[in-house]
Enquirer: 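Mind looking over this structure? Questions follow.
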Amino acid sequence: MSQKRLLAAIMFTDIEGYTALMQQDESRAVSFRDKHREIFDGATTQFHGEIIQYFGDGTLSVFKSSVEAVECAIRMQKEFIAEDIPVRIGIHVGDIVYSEEDIVGDAVNIASRIESCAVAGSILISDKVHDQIRSHRHIESKFLDAYEFKNVEGALPVFAISNDGLAIPNPKEIKGKLRADRKLEQTSKSTNRKILMYGFVALVLVVALLALNYFSKADKPEELSIAVLPFDNLSTDEDSEIFRDGITEDILSQLSKLKDLHVISRTSVSKYKNSDKTIPEIAKELGVTLILEGSIRKYGDQVRVNAQLINAETDERMWGDEYDKTLVDIFAIQTEISEEIVEALQLNLSFEEQQSLAVIPTRNIEAYKLFLLGRNEADKRNAESIARSIELFKRALDLDPNYAEAMAEIANSVYLETYHAGRDPIEASRTANEYLDKAEAINDKVSRIYSVRGLIYNIEGKHEEALDAFQKAIRLSPNDVSARSQFSTFYFYNQQYDKQLEQAKIAYSLDPLSFVAANSYFTALVENYKFDEAEKLMKTVEKSSDSNNKFVINRSYFRLYMATHEYEKAIPRLEKLAAESYAFNRFLAFSYGQVGDTVNAYRIINKIRELKIDPEDGKSHQLAVAFAGLKEVDSVFYYLDTIRNNRSTMLDREMGGFFSFIKEDPRYEELMRSHGLPVD
């Protein structure tokens with residue numbers, strides 16, 4: 001992706017109260033947004049700006065000239081006021097890195113912070129923009145104050161454009177993304193006192209920042225990896241448990257969007273629900289340096305949440321806070337906690353990350369409850385529970401038709417039914433994509449939309465579309481373990497085994513206590529000939545796994561030992577596998593033949609012959625593999641002949657592992673042609 005660095009004036013706009021308006025009057029809100037964009041497009045073009053991105057009710061654009069940016073803002077704001085559209089505008093100038101998809105840089109972050117402090121009808125600018133416009137007499141401005149913004153070092157003087165008709169915020173009532181309790185005292189009108197005060201504040205600020213920087217470096221771990229433990233439920237309400245789990249999981253999902261933070265998945269952290277283990281013990285088992293823990297107390301329509309961030313290396317508290325909200329504001333708590341953690345860890349967020357954290361998926365608490373119940377049902381992975389999940393997600397949509405996350409989850413459950421309930425894949429794909437399209441039109445920042453799309457495209461063999469979908473899913477949520485695992489499978493299907501391993505390793509690191517993630521990582525290690533690592537991993541998994549996973553563990557060992565030609569080690573595993581599934585008899589007979597145990601090889605061959613299965617179910621192919629272990633060439637050709645064996649795809653897949661020795665026989669070419677397979 002091509003990138004270029006340039007100096008630009010950055011403008012943010014958004015419609016004040018848009019989300020609340022959507023809840024009250026959706027048609028009016030959409031009309032506001034459409035008119036907002038119409039005015040914005042026309043003015044931006046007139047003043048030679050460039051629109052970088054629309055995001056819901058807001059915009060991001062850049063200008064080569066600060067003067068043109070401010071002139072454009074004045075023109076737009078007057079039209080917005082005339083149309084009674086409550087728009088806030090913020091402008092800053094600075095160095096940015098500009099690509100085809102996004103712009104990044106501290107200047108972008110600062111412009112966003114300035115815009116958050118504006119009120120409807122106002123235009124706020126930074127001191128750098130003010131320096132470049134103050135010689136232009138047709139642009140009037142008023143100094144408000146110097147403010148400290150979240151994730152921005154130092155105090156930043158902010159000015160309001162004061163041309164006739166524009167709103168000017170009260171400096172004492174400024175709200176927005178300010179650092180808590182850090183707003184500087186309002187400056188004096190006296191020039192001498194102003195200079196003296198700025199000098200004093202600057203000195204204090206420098207000392208404070210140096211101290212903050214010193215202690216932050218001392219307290220903050222070098223490796224930023226976090227586990228969000230299930231919050232303690234201190235409630236007695238009947239439905240409090242679902243909200244406890246929901247808050248925990250949603251904070252985790254919010255943090256998962258941050259590329260500079262390694263976030264353990266909910267599958268692994270859920271194992272510590274009501275655990276008596278200490279913070280250092282849990283951190284060691286999960287391989288993290290940070291732990292977020294807390295509690296939730298729900299009483300009627302009120303909710304109190306306590307949260308604290310622990311440095312697991314020192315077992316010391318880095319940050320903590322308490323939130324008292326009404327139940328409908330539960331979503332704001334999740335965002336606030338995420339933002340406080342970002343500030344505590346001094347993370348520099350991209351514009352896309354900032355916007356993603358600010359998104360509130362729904363304000364309908366009943367819809368949210370149904371969504372959480374649906375997600376729990378979908379996680380059970382059986383036909384009945386998946387059907388229930390679809391019903392619950394649809395009921396959530398009845399309450400909030402713009403719940404994009406619920407639409408994405410319906411699409412996921414619909415396609416899961418092709419695996420667990422025999423649903424027709426073509427119909428499921430069509431239905432799932434209809435929901436995904438609707439979800440994307442509402443909010444294109446939902447990672448789940450693109451991971452589900454990638455899964456469907458991968459199964460359908462649409463490799464380029466699947467690649468694009470997975471890449472976008474991971475760009476939106478780098479810590480999405482589901483997207484990482486499916487991306488690994490995508491590379492396996494495309495025989496890009498090195499990339500398969502890369503994604504599988506990340507997925508396992510995000511979900512270290514998950515049997516599924518570990519088994520996927522094991523498969524990738526085997527495909528990349530890292531046999532020692534694979535065996536070590538499976539021994540670790542075997543020690544900590546329950547009895548329900550024994551079949552899969554034995555199958556994994558079988559794959560490993562067949563790949564390393566350690567047939568004596570494979571045989572005990574295969575004996576157990578064959579007792580549960582007749583298909584493994586062919587590998588067992590093959591292994592006995594390879595170690596020279598002809599008695600047991602023929603014992604298994606006779607067992608295969610006696611199997612009460614339809615010949616179409618692969619009995620002839622099983623016998624061909626069994627005789628291959630004994631190097632009985634004539635018998636191999638006999639059972640591979642298309643008269644008895646129609647398993648051409650299986651023959652193609654297993655040729656290298658079991659039948660390569662027959663390639664020197666004159667009958668080989670004719671056999672392959674009869675199966676419609678290439679002769680190599």
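Numbering of residues begins at 1 and proceeds along the displayed sequence.
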Enquirer: Pairs in or reaching into residues 492-502: which pass side chain to side chain donor-acceptor pair (under 3.5 Å), with residues at least two apart or in two chains?
Expert: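 Only His463-Asn494 qualify under side chain to side chain donor-acceptor pair (under 3.5 Å).
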Enquirer: Would you indicate whether the side-chain heavy atoms of Val288 and Ile282 approach each other to under 4.5 Å?
Expert: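 Of all side-chain heavy-atom pairs linking Val288 with Ile282, none is under 4.5 Å.
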Enquirer: Got a second to check how far Leu537's CG is from Thr523's OG1, nearest 0.5 Å?
Expert: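 Here the interatomic distance stands at 9.5 Å.
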Enquirer: If you compare all heavy atoms of Pro230 against all heavy atoms of Ser270, which two are closest, and at what distance to 0.1 Å?
Expert: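 Shortest heavy-atom contact: CG-CA, 4.2 Å.
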Enquirer: Decide yes or no for Phe490 and Leu455: does some side-chain heavy atom of the first lie under 4.5 Å from some side-chain heavy atom of the second?
Expert: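 Heavy-atom side-chain distance check fails, nothing below 4.5 Å.
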Enquirer: Nearest 0.5 Å, what's the CD1-CG distance between Ile226 and Leu255?
Expert: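 Reported value, rounded in 0.5 Å steps: 5.5 Å.
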Enquirer: Could you walk me through whether His420 and Ser385 pass the side chain to side chain donor-acceptor pair (under 3.5 Å) test, one step at a time?
Expert: CA-CA 10 Å; His420 300 279; Ser385 66; over 6 Å; no
Enquirer: According to ring pair (Phe, Tyr, Trp, His ring centres under 6.0 Å), who are the partners of Tyr450, at least two apart in sequence or on a separate chain?
Expert: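 Ring pair (Phe, Tyr, Trp, His ring centres under 6.0 Å) check on Tyr450 returns nothing, list empty.
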Enquirer: Does the side chain of Ser482 come under 3.5 Å of the side chain of Ser451 through a donor N or O and an acceptor N or O?
Expert: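 There is no such pair (donor and acceptor under 3.5 Å, judged by atom type) between the side chains of Ser482 and Ser451.
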Enquirer: Give me the atom names and distance for the closest heavy-atom approach of Lys271 to Leu513.
Expert: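 Result for this residue pair: CE-O, 3.1 Å.
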Enquirer: How long is the span from the CG atom in Asn311 to the CD1 atom in Ile279, to the nearest 0.5 Å?
Expert: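 Here the interatomic distance stands at 11.0 Å.
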Enquirer: Is there a side-chain contact between Leu510 and Ile264, using heavy atoms and a 4.5 Å cut-off?
Expert: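 The answer is no; the side chains never approach within 4.5 Å.
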Enquirer: Set out, in order, the CA-CA distance, both residues' side-chain angles and the distance that settles side chain to side chain donor-acceptor pair (under 3.5 Å) for Ser389 and Ser413, then state yes or no.
Expert: CA-CA 7 Å; Ser389 76; Ser413 289; 2.9 Å; yes
Enquirer: Any donor and acceptor pair, going by atom type alone, linking the side chain of Gln471 with main-chain N or O of Asp468 inside 3.5 Å?
Expert: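 Side chain of Gln471 to backbone of Asp468, a donor-acceptor pair under 3.5 Å: no, none is there.
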Enquirer: Return the CD1 to CD1 distance between Ile247 and Ile296, rounded to the nearest 0.5 Å.
Expert: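 Going from CD1 on Ile247 over to CD1 on Ile296, the span is 3.5 Å.
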Enquirer: Holding to side-chain hydrogen bond (donor to acceptor under 3.5 Å, both in side chains), I want the full list of residues that pass it with Asn443, two or more places apart in sequence or in another chain.
Expert: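 Residues passing side-chain hydrogen bond (donor to acceptor under 3.5 Å, both in side chains) with Asn443: none at all.
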Enquirer: So does Ser514 get a backbone contact from the side chain of Thr267, meaning a donor-acceptor N/O pair under 3.5 Å?
Expert: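 The answer is no, because no donor-acceptor pair under 3.5 Å joins these two groups.
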Enquirer: Short question: side chain of Asp511, backbone of Ser268 - any donor-acceptor pair under 3.5 Å?
Expert: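 Yes; at least one donor-acceptor contact below 3.5 Å.
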Enquirer: Using modelled atom types only, decide if a donor and an acceptor are shared between the side chain of Ser275 and the backbone of Tyr272 within a distance under 3.5 Å.
Expert: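 Checking the backbone N and O of Tyr272 against the side chain of Ser275, no donor-acceptor pair under 3.5 Å is found.
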Enquirer: Would you please test Leu370 and Leu399 for side-chain contact (heavy atoms from CB on, under 4.5 Å) and show each step?
Expert: CA-CA 10 Å; Leu370 290 166; Leu399 297 173; 3.8 Å; yes
Enquirer: Are the side chains of Ser485 and Tyr508 in touch, meaning some heavy atoms are under 4.5 Å apart?
Expert: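 Answer no - side chains too far apart.
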Enquirer: With a 4.5 Å limit on heavy-atom distance, are the side chains of Thr431 and Tyr415 in contact?
Expert: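 No. Closest side-chain heavy atoms not under 4.5 Å.
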Enquirer: Give a yes or no on whether a salt bridge exists between Asp245 and Lys273, defined as a side-chain N under 4.0 angstrom from a carboxylate O.
Expert: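 Judged by the 4.0 Å cut-off on N to carboxylate O distance, Asp245 and Lys273 do form a salt bridge.
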Enquirer: Less than 4.5 Å apart, any side-chain heavy atom of Arg555 and any of Phe551?
Expert: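 Contact flag for Arg555/Phe551 side chains = yes.
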Enquirer: Please lay out, stage by stage, how Gln53 and Thr59 fare under the test side chain to side chain donor-acceptor pair (under 3.5 Å).
Expert: CA-CA 6 Å; Gln53 192 173 24; Thr59 60; over 6 Å; no
Enquirer: So, does Ser477 use its side chain to make a donor-acceptor pair with the main chain of Ala473 at under 3.5 Å?
Expert: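 No; judged by distance alone, with no hydrogens or angles, the pair does not exist.
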Enquirer: Quick check: closest heavy atoms across Ser225 and Gly287, and the distance to 0.1 Å?
Expert: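 Looking at all heavy atoms of both residues, the closest pair is OG-O, 3.7 Å.
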Enquirer: Residues in salt bridge (Lys or Arg N to Asp or Glu O under 4.0 Å) with Arg388, at least two apart?
Expert: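 Salt bridge (Lys or Arg N to Asp or Glu O under 4.0 Å) list for Arg388, sorted by chain: Glu377.
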Enquirer: Return the CD to CG distance between Glu409 and Leu392, rounded to the nearest 0.5 Å.
Expert: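 Spacing of CD (Glu409) from CG (Leu392) equals 12.0 Å.
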Enquirer: Holding to salt bridge (Lys or Arg N to Asp or Glu O under 4.0 Å), I want the full list of residues that pass it with Arg375, two or more places apart in sequence or in another chain.
Expert: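 Result, salt bridge (Lys or Arg N to Asp or Glu O under 4.0 Å) vs Arg375: Glu249, Asp250.
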Enquirer: Given side chain to side chain donor-acceptor pair (under 3.5 Å), test Asn479 with Ser256 step by step and report yes or no.
Expert: CA-CA 5 Å; Asn479 294 281; Ser256 292; 5.1 Å; no
Enquirer: Around atom CZ of Arg266, are there more than 12 heavy atoms from other residues, nucleotides or ligands closer than 6.0 Å?
Expert: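 Enclosed.
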Enquirer: Pair Arg453, Asp437 - check salt bridge (charged side-chain N to carboxylate O under 4.0 Å, His left out), show working.
Expert: CA-CA 10 Å; Arg453 273 220 176 104; Asp437 289 342; 2.4 Å; yes
Enquirer: Can you name the closest pair of heavy atoms from Ala408 and Leu436 and give their distance?
Expert: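 Heavy atoms of Ala408 and Leu436 come nearest at CA-CD2, 4.2 Å.
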Enquirer: Let me confirm one number: the OG1-CD1 distance from Thr489 to Ile459, rounded to the nearest 0.5 Å.
Expert: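 The CD1 atom of Ile459 is 8.5 Å from OG1 of Thr489, to the nearest 0.5 Å.
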Enquirer: For residues Glu417 and Ile386, report the shortest heavy-atom separation together with the two atoms involved.
Expert: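 What the structure gives for the nearest pair is CG-CG2, 3.5 Å.
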Enquirer: Looking only at atom types and distance, does a side-chain atom of Asp444 sit under 3.5 Å from a main-chain N or O of Glu440, one as donor and one as acceptor?
Expert: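 Not a single qualifying donor-acceptor pair exists.
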Enquirer: Would you say His262 and Thr289 are linked by a side-chain donor-acceptor pair, where the criterion is simply a distance under 3.5 Å?
Expert: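 Distance-only check fails for Thr289 and His262.
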Enquirer: Please walk me through it: do Leu501 and Tyr521 pass side-chain contact (heavy atoms from CB on, under 4.5 Å)?
Expert: CA-CA 7 Å; Leu501 178 59; Tyr521 182 35; 3.6 Å; yes
Enquirer: Looking only at heavy atoms, what is the nearest atom pair of Phe231 and Ser295, with distance?
Expert: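 Between these two residues, the closest heavy atoms are CD2-N, 3.7 Å.
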Enquirer: Among side-chain atoms of Asp34 and Ser31, is any donor-acceptor pair under 3.5 angstrom?
Expert: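 Distance-only check fails for Asp34 and Ser31.
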Enquirer: Taking the side chain as every heavy atom from C-beta outward, state whether Leu476 and Lys257 have any pair of such atoms under 4.5 Å apart.
Expert: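 Counting from C-beta outward, Leu476 and Lys257 never come under 4.5 Å.
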Enquirer: So Ser61 and Ile52, side-chain contact (heavy atoms from CB on, under 4.5 Å) or not? Walk me through it.
Expert: CA-CA 5 Å; Ser61 57; Ile52 300 299; 5.6 Å; no
Enquirer: Quick one: are Val541 and Phe522 in side-chain contact, heavy atoms under 4.5 Å?
Expert: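 No. Closest side-chain heavy atoms not under 4.5 Å.
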Enquirer: For a quick check under 3.5 Å, do Glu460 and Ser429 share a side-chain donor-acceptor pair by atom type?
Expert: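 Present: a donor and an acceptor within the cut-off.
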Enquirer: Any chance you could lay out the salt bridge (charged side-chain N to carboxylate O under 4.0 Å, His left out) test for Lys394 and Glu391, step after step, and finish with the verdict?
Expert: CA-CA 5 Å; Lys394 286 183 176 180; Glu391 179 185 349; over 6 Å; no
Enquirer: Got a sec, which residues hit ring pair (Phe, Tyr, Trp, His ring centres under 6.0 Å) with Tyr403, two or more places apart in sequence or on another chain?
Expert: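 Expected list: Phe371.
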